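What follows is a short report on a single structure.
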Amino acid sequence: MKLNELTITEARSKLDAGEITSEQLAKSCLDEIENLNPSLNAYLEVYAADAMAAARLADERMSRGERLGVLDGIPLALKDNMLDQDRHITSGSKILEKHVAAYDGTAVRKLKEQGAVILGRTNMDEFAMGSSTEFSAYGPTKNPRDLERVPGGSSGGSAAAVAANLCLGAFGSDTGGSIRQPAALCGCVGLKPTYGRVSRYGLMAMASSLDQIGPFAKSVEDAALMLQAIQGADPQDQTTSEEKPFAPAWRENLSDVRIGLPRQAWGQGMHPEIKASVMQAIKQMEQLGAQVKDVDLPYADEALAAYYVIMPCEVSANLARFDGMRYGLREKGLALFETYARTRAHGFGSEARRRILLGTYALSRGYYDAYYLQAKRVQTLIKRAYEAAFRDVDVLITPTAPNPAFRLGEKTTDPLTMYLEDVFTVGANVSGLPAISVPCGLVENLPVGMHMIGPAFGEADLLAAARVYEESKP
Ligand code: GLN
């Protein structure tokens, strides 16, 4: 087996046993990147020399019997919207092509403090808006399973990098599904933590009330390690929670686990074989001891509509800072306003412009009540519906995405069909809940993800259930 194919857990025990070195690990990832990245475009930039230097330092520590953390010496990748001091970080946008990060985001700082080896930054839809990475200003990422298909998005680069073993694990951000959907389409594990579990300081904001950083991993156990490395309250992000940190609580089987299948989600609108594949996984969980029942989850459909109002409103506010004055691209006009307009017209891609326009419109006087306020009210109803459902069950399950990986270009001309990709994932963002996508089979030789949602700060139980299923797979 090639070293880049190891899970983090496997690599950790081999490193600790002195069977391999961090340098060898990093080198095997970098070799694979050289082989595959030209066709995949998963990484936008690779820090080969710095990664090797960081790996050497980790090896030196290890030879002295020191270890900074579980991720010490482990090669990982970061999405291109996570600030990493002195590096170009662009959020997949032309407007930030020359932008250099002035500081480390909290998650990145924690990873560095724990000795993680950062291999590079991964491709994404511009400002994390999209479900295919086709809206990146730097060309799409390809699905490692089939180069004619998308890897999902917006964190498609991170998903493809993990699935193709171009790193041991990667981080992404999830505002409406951007970790879980690409994980499903590429065939890896993707976890969106509870809102407030992980600091957003130094994450380029898309929709601040929904954004959350989380891991892409080759196993549920690895995802747990990665979450532990970055979680925690942070004075730099007042939306982080003082809640007890997540610690894994693994279990042997699923006895006394109650699984709910939301009636409103399991209807029409999904590929029949996706439905069959996830149902099969649920049957298996039943055999492992779980009790499965149908539950009501009112407003499941409305979640998508509420998301596509709330999100662009926040996007329009967050992206206002890219005005050609403070960051990145500046296209000079005769007067100030013209400079703003030119910079933004040329710097943002079509999808970013579409959402800024929609959000600005929805927040404008006379429309605010009808759109934003109404969507926030619906959000409250959705939150209550989840709370009610979790009085009866421990986990809610749906497919992660309604379809397997689609072809490049298939959905770029019709934004609505692209938005419909998020139908199962946005609910967890709108309600702030933790959710994970776990690979559960293949349809037409393309990966399928099972989507499991838990109650707020219930990651320990959620991941334990996911892992029992994962380990039971043939
Ligand atoms: N696909 C969704 C969107 O386009 C989700 C994006 C995300 O989670 N960053 O908004």
Side-chain angles (χ1 to χ4, degrees), residues 78-82 91-93 122-136 140-141 150-159 170-186 190-193 195 198 200 203-216 303-316 318-319 348-359 362 375 399-403 405-406 410-412 414-437 449 451 453:
L78 302 178
K79 187 175 180 176
D80 186 33
N81 59 357
M82 299 171 69
S91 246
S93 179
T122 57
N123 199 12
M124 57 184 281
D125 287 295
E126 183 173 17
F127 289 106
M129 297 186 264
S131 305
S132 68
T133 73
E134 291 166 294
F135 296 132
S136 166
T141 297
V150 303
S154 65
S155 321
S158 287
F171 287 92
S173 62
D174 190 312
T175 304
S178 280
I179 293 175
R180 292 159 288 154
Q181 183 258 13
L185 270 47
C186 289
L191 169 67
K192 181 198 89 77
Y195 186 79
V198 178
R200 292 177 295 104
L203 171 69
M204 284 183 182
M206 176 184 166
S208 313
S209 76
L210 308 168
D211 299 341
Q212 198 61 193
I213 296 173
F216 287 89
L304 194 69
Y307 171 79
Y308 273 96
V309 174
I310 295 167
M311 174 272 298
C313 288
E314 294 190 29
V315 162
S316 72
N318 275 327
L319 269 51
F348 288 131
S350 61
E351 184 62 20
R353 288 204 303 276
R354 179 176 5 255
R355 297 198 194 192
I356 292 169
L357 287 170
L358 285 171
T400 307
N403 297 296
F406 42 95
E410 198 177 315
K411 295 184 197 267
T412 37
D414 182 357
L416 264 187
T417 60
M418 189 78 89
Y419 299 169
L420 280 170
E421 274 299 294
D422 309 326
V423 63
F424 298 126
T425 48
V426 291
N429 302 80
V430 169
S431 54
L433 302 174
I436 188 168
S437 179
H451 188 224
I453 311 173

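Numbering of ligands and ligand atoms starts at 1, following listing order. From a predicted model like this one, the values you see are computed outputs, not experimental measurements. Side chains included, hydrogens not; waters and symmetry mates left out as well; all remaining heavy atoms used.
- Interface of Y307 with ligand 1, defined as ligand atoms under 4.0 Å from a residue heavy atom, comprises 2 (C), 3 (C), 5 (C), 6 (C), 10 (O).
- Using a 4.0 Å cut-off to heavy atoms of S154, the atoms of ligand 1 that qualify are 9 (N).
- Rounding to the nearest 0.5 Å gives a distance of 12.0 Å between OG of S173 and CZ of F127.
- Distances between N or O atoms of T175 and those of ligand 1 include at least one value under 3.5 Å.
- If you check the side chains of K411 and T417, you find no donor sitting under 3.5 Å from an acceptor.
- When each of E314, M129, M206 is tested with L319 by the rule side chain to side chain contact (heavy atoms under 4.5 Å, CB included), just one qualifies, namely M129.
- Checking only distances, A128 does come within under 3.5 Å of ligand 1, N or O to N or O.
- Considering backbone and side-chain atoms alike, G130 places an N or O below 3.5 Å from some N or O of ligand 1.
- Those atoms of ligand 1 with a heavy atom of D174 less than 4.0 angstrom away are 8 (O).
- There is no side-chain donor-acceptor pair under 3.5 Å between N123 and T133.
- Some N or O of S178 is nearer than 3.5 Å to an N or O of ligand 1, by distance alone.
- With sequence neighbours excluded, the residues forming a side-chain contact (heavy atoms from CB on, under 4.5 Å) with Q181 are S131, L185, A401, F406, E421, listed by chain and number.
- For ligand 1, the polar-atom distance check finds an N/O of G176 within less than 3.5 Å of one of the ligand's N/O atoms.
- Among all protein heavy atoms, the one lying closest to atom 2 (C) of ligand 1 is D422 OD2, 3.0 Å.
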CA sep, side-chain torsions, deciding dist, call: I213, R200, side-chain contact (heavy atoms from CB on, under 4.5 Å): CA-CA 7 Å; I213 296 173; R200 292 177 295 104; 5.6 Å; no
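- For a threshold of 3.5 Å applied to N or O pairs, the pair formed by M206 and ligand 1 contains no separation below that value.
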side-chain contact (heavy atoms from CB on, under 4.5 Å) assessment of R355 paired with S316: CA-CA 7 Å; R355 297 198 194 192; S316 72; over 6 Å; no
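- Ring pair Y419/Y308 is parallel by interplanar angle, where below 30° counts as parallel and above 60° as perpendicular.
- Contact between Y308 and ligand 1 is present, with at least one heavy atom of the residue lying under 4.0 Å from the ligand.
- Atom 1 (N) of ligand 1 has S131 OG, 2.8 Å as its closest protein atom, hydrogens excluded (heavy atom only).
- Counting heavy atoms closer than 4.0 Å to ligand 1, residue R355 contributes side-chain atoms (C-beta onward) but none from N, CA, C or O.
- Side-chain atoms of K79 and S155 include a donor-acceptor pair closer than 3.5 Å.
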